[in-house]
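Heads up: the structure comes next, in structure tokens.
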Amino acid sequence: MAAQWQAFTPPGLLVNCWNIMLDLKYIRNNLDEVVAKLAIKGFAFDRDVFEQLDAARKHADMTSQDLQAQRKLASKKIGSLVASGKSVDEAKAEVASILELIDEQLSTATQDARDAQGKLEAMLLATPNIPSNQVPAGTSEDDNQEVYRWGEPRNFDFKPKDHVDLGEALQQLSQEQGAKIAGSRFTVLQSSLARLHRALTQFMLDTHTEQHGYQEVYVPYIVNATSLQGTGQLPKFEEDLFKLQAEHDFYLTPTAEVPVTNLVRDEILSGEQVEDGLKFACHTPCFRSEAGASGRDTRGMIRQHQFEKVELVQIVRPSDSQTALETLTGHAEAILRTLELPYRKVLLCGGDLGFSAQKTYDLEVWLPGQSAYREISSCSNFGDYQARRLQARWRNPESGKPELVHTLNGSGLAVGRTLVAILENYQQENGSITVPKALVSYMNGLEVIKG
RNA sequence: GGUGAGGUGGCCGAGUGGUCGAAGGCGCACGCCUGGAAAGUGUGUGUACGGAAACGUACCGAGGGUUCGAAUCCCUCCCUCACCGCCA
């Protein structure tokens with residue numbers, strides 16, 4: 001029964017006791033709905049296995065609890081008998097029959113309860129979040145819904161080049177050097193392009209902290225398995241990660257979402273703390289194995305093993321998360337608008353939605369080199385899904401009880417892809433690059449990048 | 001890396017095998033007192049799961065073990081602090 005679920009759980013990763021990702025009671029009470037909604041995401045939730053495991057868990061748990069209660073009583077009786085002067089052996093003899101019963105049954109009962117619970121937990125850890133009602137049906141990115149377009153793609157009176165040709169002609173971008181030092185999917189930037197990369201990072205961080213009310217954080221670029229489980233990368237997506245050969249379960253962070261969202265793991269925040277939401281902006285490198293992407297986007301800086309992002313993370317009250325997704329997406333859009341890069345906003349369909357996400361907007365920037373819109377930011381509301389895995393809660397003044405927060409994040413933006421977009425959108429016929437107005441001060445006054 | 005000391009409730013801090021989910025204090029909440037406040041005083045004050053409830057069970061860094069019984073004893077691991085060494 002359900003043996004396949006066991007394989008998904010790396011040792012030591014089970015969250016303490018009953019903390020599971022989708023609300024157990026909710027699933028139990030709304031099984032039809034859960035199954036139907038997960039199907040929108042292309043996930044087949046096995047309701048029979050779930051019901052079996054849930055029933056087995058409950059039965060074993062009750063048996064075990066009952067036996068433990070009896071044991072406790074017996075132990076206390078021995079204690080009081082010993083206290084009143086009897087020998088331990090005499091005291092034990094008085095409760096011999098109960099002890100015998102417990103001896104026979106307790107260890108198997110606890111083991112059964114533990115097994116059932118472990119399997120159920122593993123099953124739910126491997127079950128994705130339920131999509132929001134607003135998520136359109138669909139199986140691939142072709143079914144995503146365009147919300148709107150912003151900006152007019154520029155009309156070139158020459159044939160625009162892609163960023164690789166432009167960067168190599170400037171002798172400031174080299175895939176070959178990246179490959180020599182590390183391997184494929186690595187890039188070396190030099191001189192003004194290296195500076196432009198740094199300028200973009202600073203510009204984004206400044207904008208979000210000074211204009212959008214985010215708090216800047218600096219975090220570890222190495223994260224442990226528990227953190228990755230909290231945000232949903234583990235246990236299911238280990239092959240996408242770079243795991244370190246270290247004594248512990250260390251991974252290179254695939255996105256600042258992991259370290260930053262885990263700041264609130266195992267915390268109970270006060271009502272005041274989450275009243276306006278916690279808003280973090282964080283710049284990190286991101287490392288991804290791109291295991292499932294062989295052959296895709298091999299040219300240029302679109303899909304790299306190492307890239308940088310400025311990430312926006314929000315921790316909010318459940319009632320605020322829908323609005324927060326809109327504003328957070330707007331904060332990412334503000335970067336594109338200030339840089340005057342044409343883009344479109346897309347609502348992801350069920351099939352394209354990420355594992356942990358409830359609702360996601362992708363921002364796709366126009367790339368003249370590809371004559372296509374390409375993802376440059378992905379902004380998601382995770383509802384309470386990550387919060388449940390993280391045990392990230394707030395004390396609701398109305399109930400006085402700890403309740404799960406909602407988490408959101410979005411790229412604001414992916415730095416490498418923004419650099420690509422600037423090269424391609426701001427190129428001149430002679431191969432030089434006009435520096436966007438907003439970046440000139442970050443480039444020490446440089447207005448044109450030339451070879 | 002070496003040596004030593006520790007990890008207990010929101011915080012501080014008792015507790016070294018038996019009614020301990022855990023003394024005491026602080027903080028907090030509510031009440032009394034007061035013209036009002038302070039002081040004083042009384043009560044309450046962790047989380048999760050099951051249960052309509054009464055209540056039951058689990059949790060004293062994590063995991064394992066010994067025992068009828070573990071916060072307390074043993075083992076492993078993690079983390080923190082102090083001193084030394086090394087180092088951006």
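Every chain is numbered from 1 and lettered A, B, ... according to where its sequence line falls, protein lines coming before strand lines. These numbers were taken from a predicted model, which means no experiment stands behind them.
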A/Lys58 side-chain proximity, nearest of B/rU47, B/rG51, B/rG18
B/rG51

Any A/Phe45 side-chain heavy atom under 4.5 Å of A/Met123 side chain:
yes

With P as the reference atom in both, quote the distance from B/rA71 to B/rU34 in angstrom, rounded to an integer.
47 Å

Without swapping roles, check the side chain of A/Lys41 against the backbone of A/Phe355 for a donor-acceptor pair under 3.5 Å.
yes

Please name the pair of heavy atoms, one in A/Ser411 and one in A/Lys309, separated by the smallest distance, quoted to 0.1 Å.
CB-CD, 3.7 Å

Same-atom distance (C1') from B/rA22 to B/rC60, integer angstrom:
8 Å

Contact under 4.0 Å: A/Arg393 side-chain N or O vs B/rU47 OP1/OP2
no

A/Arg265 CZ to B/rU47 P: how many Å, rounded?
21 Å

Take A/Met62 and A/Pro402, find for each the nucleotide of RNA chain B with the closest heavy atom, and name the residue whose nucleotide sits nearer the 5' end.
A/Pro402

Would you please confirm or rule out a distance under 4.0 Å between OP1 or OP2 of B/rG50 and any side-chain N or O of A/Lys25?
yes

Using atom C1' of each nucleotide, how far apart are B/rA29 and B/rA82 to the nearest Å?
39 Å

In whole Å, measure the gap between the P atoms of B/rA38 and B/rA52 for me.
44 Å

Hey, is CD on A/Gln202 packed in by over 12 heavy atoms from elsewhere, all under 6.0 Å?
yes

Could you spell out the base pairing of RNA chain B in dot-bracket, with Watson-Crick or G-U pairs whose two distances are under 3.5 Å, [ ] crossing and | to another strand?
((((((((.[[[..)..(.....]]]((((((.......))))))(((((....))))).[[[[[..)....]]]]])))))))....

Measure CG/A/Asp266 against P/B/rG10 and give the value in whole Å, please.
12 Å

Taking the minimum atom-to-atom distance to the side chain of A/Gln65, which one of B/rA58, B/rC68, B/rC49 wins?
B/rC49

Which value, in whole Å, describes the distance between the C1' atoms of nucleotides B/rA70 and B/rC33?
46 Å

B/rG44 versus B/rG10 - spacing of their C1' atoms, nearest Å:
15 Å

Under 4.0 Å between a side-chain N or O of A/Arg114 and OP1 or OP2 of B/rA58?
no

Between P of B/rA29 and CZ of A/Arg395, the distance in whole Å
13 Å

When rounded to whole Å, the CG to P distance for the pair A/Asp66 and B/rA58 reads 12 Å

Using the closest heavy atom to pick a nucleotide of RNA chain B for each, name whichever of A/Phe250 or A/Lys401 lands nearer the 5' end.
A/Lys401

Same-atom distance (P) from B/rU76 to B/rA23, integer angstrom
32 Å

Taking B/rU47, B/rG21, B/rG69 as options, the one with an atom nearest any side-chain atom of A/Ser75 is B/rG69

Expressed as a whole number of angstroms, how long is the span from A/Gln68:CD to B/rG50:P?
16 Å

Looking only at side-chain N and O atoms, does A/Lys92 come under 4.0 Å of OP1 or OP2 in B/rU67?
no

Quick one: does any side-chain atom of A/Thr360 pair with a main-chain N or O of A/Leu353 as donor and acceptor, under 3.5 Å?
no

Spacing between A/Gln391 atom CD and B/rC59 atom P, to the nearest angstrom
18 Å

Looking at A/Lys279 and A/His212, would you say the former's side chain and the latter's main chain have a donor-acceptor pair under 3.5 Å?
yes

Integer angstrom distance from the P of B/rU80 to that of B/rC73
24 Å

Expressed in angstrom and rounded to an integer, what is the separation of A/Gln117 atom CD from B/rU57 atom C1'?
13 Å

How are the rings of A/Phe203 and A/Tyr442 set relative to one another: parallel (under 30°), tilted (30 to 60°) or perpendicular (over 60°)?
perpendicular

Mind checking if A/Leu99 touches a base, just sugar-phosphate, or nothing, with heavy atoms under 4.0 Å?
sugar-phosphate

Distance-only side-chain donor-acceptor flag, A/Thr231 / A/Glu257, under 3.5 Å
no

Classify A/Ala69 by what it touches in the nucleic acid, base, sugar-phosphate, or nothing, heavy-atom distance under 4.0 Å.
sugar-phosphate

What is the distance, rounded to the nearest whole Å, between atom CG of A/Leu73 and atom C1' of B/rG69?
12 Å

Quick check: are there more than 12 heavy atoms from other residues, nucleotides or ligands sitting under 6.0 Å from CD of A/Glu239?
yes

Phosphate OP1/OP2 of B/rG18: any A/Arg71 side-chain N/O under 4.0 Å
no

Consider the side chain of A/Arg57, meaning its heavy atoms from C-beta on, and name the nucleotide among B/rG64, B/rG50, B/rG18 that approaches it most closely.
B/rG50

